[in-house]
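A short worksheet on the structure shown next.
Side-chain atoms are counted along with the backbone in the values below, which use heavy atoms only and exclude waters and symmetry mates. Just so you know, these numbers come straight off a predicted model, no measurement behind them. Atoms within each ligand, like the ligands themselves, are counted from 1 in listed order.
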Amino acid sequence: MNDLDQLVQDAQADFAQAHTPAELENAKARYLGKAGRVTELLKALGKFSPEEKKTRGAQINATKQQVEGALTARRQALAEAELEQQLKAEALDVTLPGRRRGEGAVHPIARTMERIEQIFASMGFDVADGPEIETDWYSFTALNNPENHPARSMQDTFYVDSKDAEGRWLNLRPHTSPMQIRYAQAHACKYAGQPTMPDIRVIAPGRTFRVDSDATHSPMFHQVEGLWVGENVSFKDLKALYLDFIQAFFETTDLKLRFRPSYFPFTEPSAEIDIMFESGPLTGRWLEVSGSGQVHPQVIRNMGLDPERSIGFAFGSGIDRLAMLRYGISDLRLFFDGDLRFLSQFK
Ligand code: DAH
């Protein structure tokens with residue numbers, strides 16, 4: 001092997017040892033740089049005769065080209081290796097399933113409330129919202145349930161150990177009935193001094209609270225209050241309205257309704273409303289769905305109205321109970337446990 005072949009071989013071996021572009025540049029300098037081996041050979045040409053110069057020069061040029069060829073090949077190999085490395089590092093596994101956003105759903109109780117609101121709105125009723133932390137006056141006194149009256153213990157109320165700004169004791173409302181007073185007060189004043197008598201039609205759905213817990217009672221539950229006060233509103237209007245409502249709610253006319261005498265301090269007379277399905281899985285049993293009655297004159301007065309001129313009815317129904325009947329659920333607690341296996345069935 002002559003010295004030129006040897007040089008090419010050395011260069012190839014040297015370049016193969018370079019594993020980064022910087023290492024390769026250093027190796028290149030050793031052959032093609034100012035003091036590189038190829039450059040030195042070219043400088044040395046001066047010593048040769050013109051004849052020899054020609055052949056030797058051509059040989060060295062060929063050698064130079066081979067070295068440059070080897071350099072280019074190695075450069076390419078390094079670039080490819082680097083790309084390969086990068087692709088591997090940034091690899092996307094396109095077979096991985098995407099991250100889904102959990103699909104939400106309206107809670108069955110919220111859905112039931114919306115349903116009730118829609119039905120009553122379609123019958124000309126306003127929908128009102130009110131405070132869950134109530135005063136003693138709205139929860140009881142205004143509803144003709146005076147302090148120390150035994151009827152106060154009909155409900156095991158959560159009392160709050162503090163008073164509002166006006167010094168009234170607070171409680172977690174045990175029913176939505178305070179909304180009768182709040183709404184009527186806010187709306188009766190609009191009629192003050194006018195010849196027309198108030199016509200108040202409202203439902204007030206919402207959360208209510210009692211010290212109670214078993215399969216059919218929860219310390220937090222939901223009621224919907226209904227109130228219709230006008231000049232000549234009677235029990236027969238209540239019966240017609242409630243029957244329309246309950247039939248729309250259960251999507252069947254195959255049920256009947258009865259009033260059962262009862263007692264509430266804020267109504268006189270008072271009645272429980274029972275329904276019975278005449279077809280379907282619940283057939284043949286009377287099911288209690290609501291309290292109701294003609295609004296007591298004292299309550300009319302507390303609304304800011306004249307009981308000689310305004311008369312009407314009220315009702316208070318358990319929303320959770322209506323939802324249980326509609327969906328065939330036997331344990332109320334399922335609604336509030338937050339178990340997705342249960343809740344996702346209402347999508
Ligand atoms: N507030 C009563 C309760 O929670 C239900 C009720 C009964 C509401 C009669 C009424 C009514 O408006 O007239 O037990």
Does any pair with a residue in residues 21-49 pass salt bridge (Lys or Arg N to Asp or Glu O under 4.0 Å), and if so which ones, sequence neighbours excluded? Asp10-Arg37, Asp14-Arg30, Glu25-Arg75, Glu40-Lys43
Taking only heavy atoms of the protein into account, state which residues are under 4.0 angstrom from an atom of ligand 1, in chain and number order. His175, Ser177, Gln180, Arg210, Gln223, Glu225, Phe264, Phe266, Thr267, Gly291, Ser292, Gly293, Ala314, Phe315, Gly316
Taking salt bridge (charged side-chain N to carboxylate O under 4.0 Å, His left out) as the test, write out the residues that go with Arg168, two or more places apart. Asp164, Glu166
Kindly indicate, with the supporting measurements, whether the criterion side chain to side chain donor-acceptor pair (under 3.5 Å) is fulfilled by Glu52 and Ser49. CA-CA 5 Å; Glu52 281 172 324; Ser49 70; 3.2 Å; yes
Flag for Arg301-Gln298: side-chain donor and acceptor within less than 3.5 Å: yes
Does a side chain donor of either Glu272 or Ser262 reach within less than 3.5 Å of an acceptor in the other side chain? yes
Taking only residues two or more places apart in sequence or in another chain, which ones pass side chain to side chain contact (heavy atoms under 4.5 Å, CB included) with Lys256? Met276, Glu278, Trp286
